[in-house]
Amino acid sequence: MPKFSKEERILKKKEFDAVFKVRKSVHFKNFFLKCKEGEKTKIGLTVSAKVGKAHVRNRIKRALREYFRLNKDKFPSGSAVIVAKTGAGELSNSEIREEIGALIKIWQRRYPF
RNA sequence: AUUCAGGGUCUGGUGGUCGCCGAAAUUGCCCGCCACUAAAACUUUGGCGGGCGAAAAUUUUGCCAUAGGCAAAAUUUUCGGAGGAAAGUCCGGACUUCGCAGAGCAUCAUGCCAGCUAACGGCUGGGCGCAUUUUGGAAAGAUGCGACGGAAAGUGCAACAGAAAGUAUGUACAGGUAAUGCUGUAGUGAAAUCAGGCAAACCCCAUGAGAAGCAAGGGCAAAUAAUCGAGCACUUUCUUGAGAUUACUCAAGAAGGAAGACUUGCUCGGUCGAAGUCUCGGUUCGUUUUACUAGCUAGGACGAGCUGAAAGUGCUCGAGGGUAGCCCGCUGGAGCGCCGCAGCGAUGCGUCGCCAAGAUGAAUGAUCACCUUACACAAGAUCCGGCUUAUAGACCCUGUUUUCCA
RNA sequence: CGCGGGGUAGAGCAGCCCGGUAGCUUGCCAGGCUCAUAACCUGGAGGUCGCAGGUUCAAAUCCUGCCCCCGCAA
């Protein structure tokens with residue numbers, strides 16, 4: 001069964017900065033995705049205070065982590081960062097899943113490798 | 001019974017599968033440190049710390065067709081894991097650092113009385129005032145609300161209207177007097193002589209407060225760069241003394257008082273203390289004096305100048321500060337529960353029992369089934385006591401009254 | 001998480017300390033000047049003073065509680 005340990009997360013500010021230097025990015029309604037190619041598949045989440053209050057932000061991060069845990073193979077290999085936009089706080093968990101799935105499809109179409 | 005008001009408790013439950021954080025335990029492997037040795041190296045054993053994993057066992061599925069067997073897959077095991085507001089950061093503390101002999105001033109806060117408390121602007125009890133208690137009025141009771149010290153210490157403010165806004169006094173009518181705004185009414189205004197109003201105006205009185213905040217603060221500490229120190233090598237320059245006498249070698253290199261700085265917002269007071277300068281040593285020059293060998297001599301005093309050594313390069317070693325990173329602070333506490341006692345109560349005391357998050361890009365989730373459809377506001381970030389604000393629903397308790405007049 | 005600053009015409013700011021009239025610049029509208037535009041001249045409109053409650057005769061201003069925006073610190 002899929003796990004989700006700390007080795008698969010982006011935790012340091014330097015790692016985030018390295019991802020944000022890459023120009024490739026994909027926007028969808030309430031999220032956007034940046035990714036830097038690498039061997040390990042890692043994910044970092046950015047949900048700022050503009051999105052909502054603490055319990056809203058926690059819910060979004062949990063939904064994103066759960067999606068990553070169950071659908072790791074769909075993500076591009078490398079360090080990915082998902083940023084939530086202002087409207088993301090009003091989505092339900094299933095809507096978040098749909099949007100992220102769509103976001104990854106757009107990414108694969110635009111950057112095949 | 002309903003409604004309304006007040007107070008209190010709870011904040012989904014059970015089961016299956018997967019996932020996250022912390023702690024403990026079993027076992028295997030690896031790494032580091034310590035002990036056993038006269039010493040070094042290696043090995044063994046034991047202990048401690050760190051990292052990576054899971055044998056047995058269990059579960060699920062399939063097959064054979066039976067008190068089981070075989071195969072495959074998965075999983076180390078156990079325990080614990082957000083709130084009544086965790087929120088706003090509005091008060092009060094604990095704790096930490098800085099400051100600190102201490103004192104005064106300024107500033108800020110609080111404000112009926114008494115009590116509780118570690119403390120508070122909180123809470124409890126009482127007084128006073130206001131409101132509600134379903135027609136109106138009155139009384140009692142109940143409930144709620146109240147920044148409820150001082151205006152006879154002083155300063156100040158009051159637009160417009162009005163004769164006049166605080167040292168007041170004018171008109172009309174009426175009354176009154178020996179006489180007079182002496183009295184009433186009208187009129188203006190929020191307020192018109194009443195020791196007026198405003199202190200959520202300055203202020204006075206009483207009480208209290210040092211400042212900043214866990215990103216406080218402390219420990220271990222890589223790499224790189226700069227700084228400093230030591231050693232070696234080379235180069236350059238230089239003072240004094242001694243040795244040597246073209247070249248060179250060896251040695252030497254200090255101490256004290258004050259301007260200023262810091263001192264939490266200010267002062268007194270307190271703490272630290274650079275350059276320059278002075279004293280002192282060396283040396284040069286000048287002035288003066290003493291000695292006799294009568295000199296470009298020697299010694300002393302005074303004044304002035306210089307100096308009291310240094311620079312550069314390379315290599316090696318080291319140091320302190322500090323960054324990344326890691327650790328501590330970090331959760332056993334003004335703690336929780338039951339009972340008893342004291343008190344009107346807040347609360348205090350005592351017996352017994354219990355340990356209940358500790359993360360750090362930040363953990364409580366996902367999914368399925370049932371419970372009536374499970375649904376609000378919202379999630380720790382050093383920790384406590386309050387207040388305020390946001391809130392769906394469930395349950396419990398108390399009151400929703402009495403008398404008189406119309 | 002902690003600590004500060006600020007919400008006033010469309011925009012940028014005064015006025016708050018010490019309470020009675022909300023003002024300045026720019027922009028907007030109308031008229032004039034010009035062949036026309038700009039500049040210039042004249043006139044005008046435009047404000048829940050972030051929201052709610054309180055003190056006061058009277059609140060943008062004083063007090064209390066909320067909402068929003070911006071900034072600082074390892």
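Order of the sequence lines fixes the chain letters, A, B, ..., with proteins taken first and strands second; residue numbering starts at 1 for each chain. Keep in mind that what you see is a predicted model, and the values were worked out from it rather than measured.
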Worksheet entry | Distance, rounded to the nearest Å, where A/Phe68 contributes CZ and B/G365 contributes P | 21 Å

Worksheet item: In whole Å, what is the span from the NZ atom of A/Lys61 to the C1' atom of B/G19?
Response: 17 Å

Worksheet item: Which whole-number value in Å describes the distance from A/Ile100 CD1 to B/A366 P?
Response: 16 Å

Item to complete: For B/A103 versus B/G208, give the span between their P atoms, rounded off to a whole number of Å.
Response: 14 Å

Item to complete: Could you tell me whether the phosphate oxygens of B/U364, OP1 or OP2, come under 4.0 Å of any side-chain nitrogen or oxygen in A/Arg59?
Response: no

Practice prompt. Write down the atom of A/Lys36, the atom of A/Ala18, and the distance for their closest heavy-atom approach.
Written response: NZ-CB, 3.9 Å

Discussion item. What is the separation between atom NZ on A/Lys53 and atom C1' on B/A390, rounded to the nearest whole Å?
Written reply: 8 Å

Worksheet entry | Atom C1', compared across B/C203 and C/C18: separation rounded to whole Å | 14 Å

Fill in: Heavy-atom side-chain proximity of A/Tyr67 to A/Lys74 below 4.5 angstrom
yes

Discussion item. Heavy atoms only, 4.0 Å cut-off, all strands: where does A/Leu45 land among base, sugar-phosphate and nothing?
Written reply: base

Practice prompt. Using a 90° cut-off around 0 for syn, call B/A247 syn or anti.
Written response: syn

Worksheet item: Going by a 90° cut-off around 0, is B/A216 syn or anti?
Response: anti

Practice prompt. Starting at atom CG of A/Asn58, determine the distance to atom P of B/G380, rounded to an integer number of angstrom.
Written response: 7 Å

Discussion item. Quick check: closest heavy atoms across A/Ser25 and A/Lys34, and the distance to 0.1 Å?
Written reply: CB-CG, 3.7 Å

Discussion item. Rounded to whole Å, how long is the line connecting atom CZ of A/Arg69 with atom P of B/A363?
Written reply: 15 Å

Worksheet item: When you check the glycosidic angle of B/A258, does it come out syn, meaning within 90° of 0, or anti?
Response: anti

Discussion item. Can you work out whether A/Val47 or A/Arg97 has the more 5'-proximal nearest nucleotide on RNA chain B?
Written reply: A/Val47

Worksheet, complete the sentence: In Watson-Crick or G-U wobble terms, with both distances under 3.5 Å, the base opposite B/C48 is B/G32

Practice prompt. Assign A/Arg57 to base, sugar-phosphate, or nothing according to its heavy-atom contacts below 4.0 angstrom with the strands shown.
Written response: nothing

Fill in: Nucleotide B/G361, atom C1' - distance to CD1 of A/Ile60 in whole Å
15 Å

Worksheet item: Between A/Thr46 and A/Ser94, which is nearer to the 5' end of RNA chain B once each is assigned its nearest nucleotide?
Response: A/Thr46

Item to complete: Quickly work out the A/Asn71 CG to B/G19 P distance and round it to whole Å.
Response: 15 Å

Discussion item. What's the gap between B/G276 and B/G308 when it is taken at their P atoms, as a whole Å value?
Written reply: 11 Å

Worksheet item: Does any nucleotide pair with B/C173 by Watson-Crick or G-U wobble geometry, both distances under 3.5 Å, and what is it?
Response: B/G184

Worksheet entry | A/Trp107 vs A/Pro76 side-chain heavy atoms within contact, under 4.5 Å | yes

Fill in: salt bridge (Lys or Arg N to Asp or Glu O under 4.0 Å) evaluation trace for A/Lys24 with A/Glu37
CA-CA 10 Å; A/Lys24 295 180 181 176; A/Glu37 277 89 4; 3.3 Å; yes

